[in-house]
Amino acid sequence: MFKFFTTLSENEARNISPVTLAFVGDAVYTLYVREKLVVERDLSTGALQKLSSSEVSAHGQNILLEKIIPLLSEEEIAVFKRGRNAKKPSKSKSATVFEYNNSTGFESLLGYLYLVGRYERIEQLLDN
């Protein structure tokens, strides 16, 4: 039976495709951004959606990634690079190839950290 907030071992998480980790990481980052906006601002859902879209975009993720790269451990950099270099099933219509690849790596890292239960580490990285 599935349990929400199930954690995996590092080995189990490393065996997941980096694109699948990015799938999870995209949801993690989207929820983080939306929750932060709702808590910090009293805006309409349309305004919240517009603000969250700019942060969650490949371009927005790349800006954050530039800030956090120096904070990453060797293990985290390895997960990021696996995601960045993975063959993706689609291409971005609104981001450069560089931004899209970096955003996939960023999302892979978040997905990995989430699945292994390192929620505090996610918060440390995203609070930059």
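Since this is a predicted model, take the numbers as computed values, not measurements.
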**Q** Would you say the side chain of Arg34 lies within less than 4.5 Å of the side chain of Gln49, judging by non-hydrogen atoms?
**A** yes
**Q** Would you say Tyr100 and Asn62 make side-chain contact, with heavy atoms under 4.5 Å?
**A** no
**Q** Quick check: closest heavy atoms across Tyr29 and Leu110, and the distance to 0.1 Å?
**A** CB-CD1, 3.6 Å
**Q** Mind checking whether Leu71 and Val116 sit in one hydrophobic cluster, side chains of I, L, V, M, F, W, Y counted as touching below 4.5 Å?
**A** yes
**Q** When clusters are formed by joining ILVMFWY residues with side-chain heavy atoms under 4.5 Å apart, either directly or through shared neighbours, do Leu115 and Phe5 land in the same one?
**A** yes
**Q** Please identify each residue that fulfils salt bridge (Lys or Arg N to Asp or Glu O under 4.0 Å) with Glu76, with sequence neighbours left out.
**A** Arg121
**Q** So Leu113 and Leu125, do their side chains get closer than 4.5 Å, heavy atoms only?
**A** yes
**Q** State, to 0.1 Å, how close Val56 and Gln61 come at their nearest heavy-atom pair, and which atoms those are.
**A** O-NE2, 2.9 Å
**Q** Only counting residues at least two apart or in another chain, list the ones meeting side chain to side chain donor-acceptor pair (under 3.5 Å) with Ser9.
**A** Glu12
**Q** May I ask whether Ile77 and Ile69 are part of the same hydrophobic cluster, defined by side-chain heavy atoms of I, L, V, M, F, W, Y residues being less than 4.5 angstrom apart, directly or through others?
**A** yes
**Q** For Arg14, which residues count as a salt bridge (Lys or Arg N to Asp or Glu O under 4.0 Å) partner, sequence neighbours excluded?
**A** Glu10, Glu75
**Q** Please determine whether the number of non-hydrogen atoms from other residues, nucleotides or ligands lying under 6.0 Å from atom CD of Glu123 exceeds 12.
**A** no
**Q** Does Asp127 have more than 12 heavy atoms from other residues, nucleotides or ligands lying within 6.0 Å of its CG?
**A** yes
**Q** Between Leu65 and Leu109, is any pair of side-chain heavy atoms under 4.5 Å apart?
**A** no
**Q** If you take all heavy atoms of Ala22 and Thr104, which pair is closest and at what distance?
**A** CB-O, 3.8 Å
**Q** Between Tyr114 and Tyr119 (judged by ring centroids, cut-off 6.0 Å), do the two rings come close enough to count as a pair?
**A** yes
**Q** Indicate the atoms forming the closest heavy-atom contact of Val79 with Ser108, along with that distance.
**A** CG1-O, 3.9 Å
**Q** Distance alone, cut at 3.5 Å: any donor-acceptor contact between the side chains of Glu107 and Ser103?
**A** no
**Q** Tell me the closest heavy-atom pair linking Val19 and Ala86, and the distance in Å.
**A** CG2-CB, 3.9 Å
**Q** For Arg82 versus Pro18, what's the shortest heavy-atom pair and its separation?
**A** NH2-CD, 3.1 Å
**Q** For residues Ile63 and Val33: do they belong to one hydrophobic cluster (side chain heavy atoms under 4.5 Å, members Ile, Leu, Val, Met, Phe, Trp, Tyr)?
**A** no
**Q** Quick one, Tyr32 and Ile122 - any side-chain contact, counting heavy atoms below 4.5 Å?
**A** no
